[in-house]
Amino acid sequence: MPKLAGISHRQAVRAFEKAGFWIIRQSKHIAMTNGERIIIIPPANPINAYTMAGIIKDAGLTIEDFKELL
């Protein structure tokens, strides 16, 4: 699994917005959707690499695709 070190939740939200996701709810965690999938982003700086990889997988993206969106 490629590493995603140092990704903050704000960077992740911006990248997912470029991928077509939008924020549907923001409280302790940020919930985003693209109309088909829902992802939950924790408010951590930085987000753990394994957690981030799971969120990217849930979004239907590859890690390489996500790195291009950053």
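Along the sequence shown, residues carry numbers from 1. Because only heavy atoms are used, hydrogens play no part in the values below, and waters and symmetry mates are left out as well, while side chains stay in. No experiment lies behind these values; they were computed from the predicted model shown.
Of the possible polar contacts, none joining the Glu68 side chain to the Asp65 backbone as a donor-acceptor pair under 3.5 Å is found.
Contact of the Pro42 side chain with the Ile55 side chain is registered, since non-hydrogen atoms from C-beta on lie closer than 4.5 Å. Under the 4.5 Å side-chain criterion, counting only non-hydrogen atoms from C-beta, Lys67 is not in contact with Thr62. Side-chain contact check for Val13 versus Ile41: some heavy-atom pair is nearer than 4.5 Å.
Taking CD1 of Ile39 as the reference point, atom NZ of Lys57 lies at 15.0 Å (rounded to 0.5 Å). Here the straight-line distance linking atom OG of Ser8 with atom CZ of Arg14 works out to 6.5 Å at 0.5 Å rounding.
There is no path of hydrophobic side-chain contacts, each under 4.5 Å, that joins Ile47 to Ile38.
In this structure Phe16 satisfies the ring pair (Phe, Tyr, Trp, His ring centres under 6.0 Å) test together with Phe21, Phe66, sequence neighbours excluded.
Nearest heavy atom pair, residue Ile23 against residue Ile30, reads CG1-CG2, 4.0 Å. The shortest non-hydrogen separation linking Ala31 to Ile40 is CB-CD1, 3.7 Å. Taking both residues in full, the closest heavy atoms of Ala53 and Ile63 are given as CB-CD1, 4.2 Å, listed atom of the first, atom of the second, then distance.
Here side-chain hydrogen bond (donor to acceptor under 3.5 Å, both in side chains) pairs that include residues 21-46, with residues two or more places apart or in two chains, are His9-Asn45.
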